[in-house]
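Everything numeric in this text was worked out from a predicted model, so none of it was measured.
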Amino acid sequence: HRDLHSFPTRRSSDLETILAEIWSDVLKVEREGRHDHFFDLGGHSLLAVQLIAKVLSALPGSQPSLTLLLKAPTVEQFASILKVGQSDSSCLVPMREGAERPPFFCLSGGGDNSLNLRDLATAMPSDQPFYCLQDRAFDGHSAPFSSVEETADCYIGAIRRVQSHGPYYLGGRCYGGLVAFEIARHLRSMGETVSVLALIETFNPTYGSSLSKPKLLYFNSRFFLRL
């Protein structure tokens with residue numbers, strides 16, 4: 001493969017050609033089609049980080065991000081956003097859009113991005129709309145949320161821009177489950193229906209506060225050793 005630093009700046013070269021070379025280099029494929037899906041070709045979270053680093057190196061001044069890659073996973077889509085210099089600060093990541101079923105909104109864990117929810121999204125029926133919500137700090141510019149309440153307020157606004165009224169289908173992994181619970185509580189106080197609230201590996205802080213320190217240490221150790 002050619003040295004990425006040998007490419008001219010994006011003003012004088014074809015952006016898709018540069019990105020296709022990077023896609024091929026990261027995925028170890030001979031040729032990357034402009035419509036080929038990064039994750040369908042074997043891309044995963046570690047390779048996604050490598051790809052973003054290579055794009056930043058080859059295209060100084062561009063604003064790629066993991067969130068952008070999730071929203072625009074083909075060379076054509078990725079290039080079209082980079083061309084206009086968009087920096088996507090939205091915390092909502094559509095994994096699968098559609099109107100045949102009510103959408104499922106799932107929250108990533110604390111410090112996680114939505115890449116970790118992709119397997120769950122692909123395991124659901126092909127006509128099930130699936131939206132991820134992640135900390136706004138993943139855009140590389142915004143400050144992270146400072147509390148469960150602040151996170152829930154932001155996410156509710158993003159959710160209601162997609163679905164203005166219930167019934168809502170919500171889920172959250174780890175810390176995201178606590179935020180999902182807070183979102184459900186807020187939506188119900190607004191008179192909305194929450195039909196599903198799925199908590200995935202979510203720790204109950206009330207239960208944790210009732211445990212002795214040795215027992216809490218024991219349970220935490222079992223959890224991390226299981227990982």
Side-chain angles (χ1 to χ4, degrees), residues 15-16 18-20 22-27 29 32-56 58-59 62-98 101 103-142 144-145 151 154-155 157-159 161-163 169-176 179-180 198 200:
L15 182 56
E16 287 191 18
I18 296 175
L19 292 176
I22 296 172
W23 250 249
S24 298
D25 184 53
V26 170
L27 293 169
V29 294
E32 169 73 16
R34 65 197 302 261
H35 301 298
D36 290 340
H37 196 292
F38 177 81
F39 297 102
D40 290 345
L41 289 176
H44 51 72
S45 57
L46 294 178
L47 290 180
V49 172
Q50 292 180 33
L51 183 136
I52 297 303
K54 287 179 180 290
V55 172
L56 283 168
L59 300 167
S62 63
Q63 300 181 58
S65 66
L66 292 174
T67 300
L68 174 57
L69 182 60
L70 280 166
K71 294 182 178 181
T74 70
V75 166
E76 180 190 34
Q77 294 168 342
F78 203 87
S80 67
I81 296 177
L82 283 188
K83 279 178 183 176
V84 296
Q86 287 183 343
S87 176
D88 194 340
S89 59
S90 172
C91 55
L92 186 72
V93 179
M95 290 280 190
R96 185 189 299 119
E97 299 179 272
R101 296 173 181 245
F104 182 69
F105 298 95
C106 197
L107 286 63
S108 58
D112 286 347
N113 60 58
S114 296
L115 283 171
N116 294 318
L117 296 174
R118 189 172 184 274
D119 286 346
L120 177 60
T122 55
M124 289 192 167
S126 59
D127 61 346
Q128 174 61 60
F130 192 102
Y131 292 84
C132 299
L133 290 138
Q134 64 181 19
D135 197 300
R136 62 191 176 196
F138 279 105
D139 67 3
H141 307 284
S142 304
F145 295 118
T151 311
C154 180
Y155 286 179
I159 288 170
R161 282 192 289 275
V162 175
Q163 183 184 355
Y169 296 78
L170 308 173
R173 178 181 175 273
C174 228
Y175 172 78
V179 181
I200 306 166

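Checked against side-chain contact (heavy atoms from CB on, under 4.5 Å), A48 has the following partners two or more places apart in sequence or in another chain: F38, L66, L69, L115. By the ring-ring contact (aromatic ring centres under 6.0 Å, His included) test, F145 pairs with Y155, sequence neighbours left out. Among residues two or more places apart in sequence or in another chain, the side-chain contact (heavy atoms from CB on, under 4.5 Å) test is passed with A53 by none. Annotation: ring-ring contact (aromatic ring centres under 6.0 Å, His included) contacts of Y169 (sequence neighbours excluded): none. Under the side-chain contact (heavy atoms from CB on, under 4.5 Å) criterion, Q128 pairs with R96, R101, F104, M124, P125, sequence neighbours left out. Listed by chain and number, the residues in a side-chain contact (heavy atoms from CB on, under 4.5 Å) with E76 are E16, R34, H35, T74 (sequence neighbours excluded). With sequence neighbours excluded, no residue forms a side chain to side chain donor-acceptor pair (under 3.5 Å) with D119.
Counting all heavy atoms, side chain and backbone alike, A72 lies closest to I81 at CB-CD1, 3.8 Å. The two residues L117 and C106 have their closest heavy-atom pair at CD1-O, 3.8 Å. For P129 against G98, the heavy-atom pair with the smallest separation is CG-O, 3.4 Å. The two atoms that bring L107 and G176 nearest to each other are CD2-O, 3.5 Å, heavy atoms only. For L82 against S62, the heavy-atom pair with the smallest separation is CD2-CB, 4.3 Å. Annotation for L27 and G42: closest pair CD2-C, 4.2 Å, computed over non-hydrogen atoms.
A 4.5 Å side-chain heavy-atom check between L15 and L59 finds at least one atom pair inside the cut-off. Annotation: side chain of Y175 is in contact with side chain of T151 (closest heavy-atom distance under 4.5 Å). Counting only heavy atoms from C-beta outward, the side chains of F130 and L120 approach each other to under 4.5 Å. Annotation: side chain of V29 is not in contact with side chain of W23 (no heavy-atom distance under 4.5 Å). Annotation: side chain of I22 is in contact with side chain of L51 (closest heavy-atom distance under 4.5 Å). Residues S108 and N116 form no side-chain contact, since every pair of their non-hydrogen atoms from C-beta on lies 4.5 Å or further apart.
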For the pair V55 and L19, evaluate side chain to side chain contact (heavy atoms under 4.5 Å, CB included) and give the outcome as yes or no after the intermediate values.
-> CA-CA 7 Å; V55 172; L19 292 176; 4.0 Å; yes
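The CD atom of Q163 sits 9.5 Å away from atom OH of Y131, with the distance rounded to the nearest 0.5 Å.
A donor-acceptor pair is defined here as one N or O able to donate and one able to accept, closer than 3.5 Å; such a pair exists between the side chain of K71 and the backbone of L92.
Among residue pairs with one or both ends in residues 39-48, those qualifying as salt bridge (charged side-chain N to carboxylate O under 4.0 Å, His left out) are D40-R118; sequence neighbours excluded.
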